[in-house]
Amino acid sequence: MDRKTKELIESKGLFGGIWAYVTAPPDNERITAADRIVTFVSRIVMFFILAGVFVTFYEVVMRYLFGSPTIWVNEMVLWLGSIIYLASGAYTMQRRAHIRITAVYDIVSRNMRLFFDYVAIFVLVVYAMFMLVGAYDVAWEAFITWERFGTIFDPPIPATVKPLVLIVTLAVAGLALNNMLIDWYGYGKKQDDADSDANSKAEEDQS
Amino acid sequence: MNPRLKLPVFFFTFTALLAVAIPVILLSDFRADLGVGMLSLLLLIGIFALLVAGVPLGFATGFLGAIIIWLNFGEPGLGLVMQRVYDLVATHAIIAVPFFIVMASLLERSGIAKDMYDSLNIAMGRMRGGVAIVTTIMAVIMAAMSGIIGGEIVLLGLVALPQMLRLGYNKYLAIGTICAGGSLGTMIPPSVVLIIYGLVTETSITKLFTASFIPGLMLAGTYMIYILVRTRLNPSLAPLPSESGVAADIPETNTRMELALTLMPFAFGLVFVLIARMFGIESTELVATFIFSSAIVAMALVAWLQKRDDFPIAKGLLPPIMVVDLVLGSIYGGVTGYAEAAAMGVVASIVLIWIRSELNTVMMLEGLEQTFRSVGTILWVTFGATVLAGAFSLSGGNKFVANAILGLDVAPIVVILVMMFIFFILGMFMDWIGIVLLCMPVFIPIVTQLGYDTIWFGILFSVNMQIAFLTPPFGSAAFYLKSVAPPEIDLVTIYRSFGPFIALQAFILAILVIFPQISLFLVR
């Protein structure tokens, strides 16, 4: 988080600050619309972690203090969790933080690096295509029949998570392309002070 | 960063071609019968090539897995790719990973660790080598609160390193202590390494946590003995404050009263247990009574001490004691699962930070953001690997490699030693997560067939990863410390200081290999 975003958050109250954070652009040098969308969605999903924590805590309190364990917490947490795990992949790609071994990448020439980046793009896109071809039917089927988990609480985990696996994998491949365009071809809007100030003013006008 | 390239046309053509060509190829009725041996060899080369090219690990493995499935089963088999990922995502156990990470990232943003260091320093800073001992103890307590390294080493590097250097400690000793101690986060439970290991190898994570406790303490113990012995043999390595002529800044305090205050939560816990027994509460509920009541009393004491300065030791030690009591107590006492224990740990940390009036929106958001990114990096590697592991074992690769190794006709222990050696070599270049996910699907069937316990093997693995954090050229501990160390301490100095500690870790590893019962007697 950059200093400007921090000041923006601190200048508002709790909820205003959180909203300012959620809508703030990522602190990369250049960003595109895709970066902003992913950051916005990710910053909402981040709060699912806290939701999961408090729901689980509630279950423990109910079980030991009131002796009445809930039936919905376990699956609710499972559902929240699966959304967290999947969405975090897209966010990590936007931050260019996926684990990779850069030992060789860092010492080769610039052209070689470009080639390596193309190899990575190839791998990511082909992986996403494998996923698409193999799972499109399954995911669509699960969604359209609103497949449920088959327990007492019965949340529609398969119906939502199966398509989500597919969507996020495609999104990650898309983001890799987006990163390539930004890092090598100079796409995206350059972020500078004037620009962000205009953004925050526009936000204040809205609220 | 890179100057602008002029030719996006190539990029767009490349992408469009991929997006069209791949599905067409996939849908065609192509199938190749390569044979398992050939497949394993191609896989090895492919992995190596992609990793060298810097392709993200999770996608390189997923990609190769998908290709193997396609070569063997054609288009109908490809549904397996998503199925493997879905099965992993819909596992309840993983939720502990974000919970433990969020707890660690909140705690490292609070002043709790700094205060704990100060209070330990008051208690032990006056003896020879005391600050190094304090650092190790602090590392153990922090390791029992969090399951990752990084934050711990950074914190110790900020707090303990300047003090040791100021007091004139030998810099190699100081740096080695911080990094070796800070790495314990993934050895002493709760540990994210063990959670992922348990998930991948389908081993009970609670049992892994139980088994790793003593080996973790053994490691910390050897570090402390090493520090004590070396500073006794050569006092110039760790001068006393009086010798180095630097003020120690250690206030006087009423030690007996401090000790009583620190242990008070447990006394109250026992009282509550006795009361609960009179009401006929038994077994697990009794343990729960002890843990929860002592945690609440500790919390109340922290709130009470917040405004006072007369009990610095208790003030610094009570918050970590409370968190460890709640999290590890619940897990070992069988009160809750480790995911629930982690959730309680997060809530307790938030309340503690709030009591200390350090809670604010920015730190919460930063903690969440850091957690989210760590979850993404750790779990997406796991997703790719689960695809590869599934594909490899479906095509008989596991059996092939296992048979090849079992057919070598060497003593089982030699196979284990070779595996340890492979871990050691890979650990120089790779993160623990990559090693778990690349090696375990192949190694675990062999370990089981040789008649060894996968829990024991997990412990050996995590000791190995302790070594991996320290070994050059890519020991991550060195980079964490470098980021906060004074500029005159370079990477060569840092790596040089690891030598003795790596030897100690290897020694413990050898003991654990020779005596499996050290790891296993608690879980039997």
Side-chain angles (χ1 to χ4, degrees), chain A residues 1 6 9-10 14 17-18 21 42 46 49-50 52-53 56-57 59-60 64 74 77-78 81-82 84-86 88-89 91-92 95 97-105 116 118-120 122-127 129-131 133-135 138-139 157 161-162 165-166 177 180 183-186, chain B residues 1-2 4-5 8 11 15 18-19 22-23 26-27 50-60 62-63 66 75 78-79 81-82 85-86 89-90 92 94-95 98-99 102 288 336 339-340 343-344 346-347 361-362 365-366 368-369 371-373 375-377 379-381 429-431 433-434:
Chain A
M1 207 188 294
K6 271 186 200 165
I9 295 166
E10 277 161 359
L14 175 63
I18 291 174
Y21 168 73
S42 304
M46 274 172 211
I49 302 174
L50 279 190
V53 165
T56 311
F57 184 68
E59 152 80 18
V60 176
Y64 278 105
N74 226 355
V77 171
L78 191 64
S82 51
I84 295 167
Y85 316 143
L86 290 170
S88 65
Y91 180 74
T92 310
R95 309 299 313 175
H98 274 296
I99 294 179
R100 59 202 203 107
I101 296 170
T102 54
V104 179
Y105 186 91
F116 280 174
Y118 267 105
V119 172
F122 176 82
V123 166
L124 271 145
V125 173
V126 172
Y127 179 55
M129 288 300 139
F130 270 115
M131 194 78 105
V133 170
V138 188
I157 292 180
V161 176
K162 279 183 182 173
V165 174
L166 193 55
L177 296 172
M180 179 112 182
D183 295 345
W184 285 97
Y185 295 100
Chain B
M1 180 170 36
N2 292 303
R4 194 174 175 148
L5 290 179
F11 173 79
T15 320
L18 273 187
I22 298 300
L26 290 186
L27 290 170
L50 291 182
L51 291 191
V52 164
V55 177
L57 199 56
F59 301 100
F63 166 81
E75 190 262 329
L78 282 181
V81 179
M82 193 270 265
V85 177
Y86 172 77
V89 164
H92 192 261
I94 320 180
I95 196 67
F99 286 2
V102 90
T336 63
E340 288 167 328
M344 287 194 295
V346 180
V347 174
T361 325
V362 171
L365 292 175
E366 275 181 331
L368 280 183
E369 193 175 296
T371 309
F372 203 58
R373 195 170 58 213
V375 169
T377 52
L379 289 185
W380 274 69
V381 181
F429 302 97
M430 274 167 97
D431 250 350
I433 179 95

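Throughout, a chain's letter reflects where its sequence line sits, starting with A, and its residues are numbered from 1.
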Inset, instruction - Specify the closest pair of heavy atoms between Arg373(B) and Ala97(A), including all atoms of both residues, with the distance to one decimal. - result: CD-CB, 3.7 Å
Legend entry - Candidate pair Leu86(A) and Trp380(B), rule side chain to side chain contact (heavy atoms under 4.5 Å, CB included), full reasoning: CA-CA 8 Å; Leu86(A) 290 170; Trp380(B) 274 69; 4.2 Å; yes
Inset, instruction - Keeping the roles fixed (side chain from Tyr85(A), backbone from Ile95(B)), state whether a donor-acceptor pair exists under 3.5 Å. - result: yes
Legend entry - Distance, nearest 0.5 Å, that separates CG of Leu50(B) from CZ of Phe116(A): 10.5 Å
Legend entry - Non-hydrogen side-chain atoms of Tyr91(A) and Glu369(B) separated by less than 4.5 Å: yes
Legend entry - Part of Val77(A) within contact of chain B (heavy atom distance under 4.5 Å): both
Legend entry - Nearest heavy-atom neighbours spanning Met46(A) and Leu368(B): O-CD2, 3.8 Å
Legend entry - Under 4.5 Å from a heavy atom of chain A, the part of Leu365(B) involved: both
Inset, instruction - Side-chain contact test, heavy atoms from C-beta onward, threshold under 4.5 Å: evaluate it for Leu124(A) versus Phe63(B) and give yes or no. - result: no
Inset, instruction - Count the heavy-atom pairs under 4.5 Å between each of Leu78(A), Thr56(A), Val123(A), Val104(A) and chain B, then report the option with the highest count. - result: Val123(A)
Inset, instruction - Pick one of side chain, backbone, both or neither for Ala288(B), based on which atoms fall under 4.5 Å of a heavy atom in chain A. - result: side chain
Inset, instruction - Specify the closest pair of heavy atoms between Glu340(B) and Glu59(A), including all atoms of both residues, with the distance to one decimal. - result: OE2-CG, 3.7 Å
Legend entry - Close side-chain approach of Tyr86(B) to Ser82(A), heavy-atom, < 4.5 Å: no
Inset, instruction - Find the one option among Ile18(A), Val126(A), Val119(A) whose heavy-atom pairs under 4.5 Å with chain B are most numerous. - result: Val126(A)
Legend entry - Stepwise side chain to side chain contact (heavy atoms under 4.5 Å, CB included) test for Arg100(A) and Leu57(B): CA-CA 5 Å; Arg100(A) 59 202 203 107; Leu57(B) 199 56; 5.9 Å; no
Legend entry - Contact leader toward chain A among Val81(B), Val102(B), Ile433(B), where contacts are heavy-atom pairs under 4.5 Å: Val81(B)
Legend entry - Engaged part of Ile94(B) at the chain A interface, taking heavy atoms whose separation is under 4.5 Å: both
Legend entry - Tyr64(A), part contacting chain B, at a heavy-atom distance under 4.5 Å: side chain
Legend entry - Contact origin within Val381(B) toward chain A - heavy atom pairs under 4.5 Å: side chain
Inset, instruction - State, yes or no, whether a side-chain contact exists between Ile84(A) and Phe372(B) at a heavy-atom distance under 4.5 Å. - result: yes
Inset, instruction - Report the option among Thr361(B), Val375(B), Val347(B) that has the most heavy-atom pairs separated by less than 4.5 Å from atoms of chain A. - result: Val347(B)
Inset, instruction - Might you work through the side chain to side chain contact (heavy atoms under 4.5 Å, CB included) test for Ile101(A) and Phe429(B), ending with a clear yes or no? - result: CA-CA 8 Å; Ile101(A) 296 170; Phe429(B) 302 97; 5.7 Å; no
Inset, instruction - Could you look at Val165(A) and say if it's the side chain, the backbone, both or neither that has a heavy atom under 4.5 Å from chain B? - result: side chain
Legend entry - Closest-packed option against chain B by number of heavy-atom pairs under 4.5 Å, given Ala139(A), Gly81(A), Ser88(A), Gly17(A): Ser88(A)
Inset, instruction - Please lay out, stage by stage, how Ile99(A) and Met430(B) fare under the test side chain to side chain contact (heavy atoms under 4.5 Å, CB included). - result: CA-CA 10 Å; Ile99(A) 294 179; Met430(B) 274 167 97; over 6 Å; no
Legend entry - Shortest non-hydrogen contact from Phe130(A) toward Leu78(B): CD2-CD2, 3.4 Å
Inset, instruction - Please look at Val60(A) and chain B and tell me whether the side chain, the backbone, both or neither of the residue comes under 4.5 angstrom of a heavy atom of that chain. - result: side chain
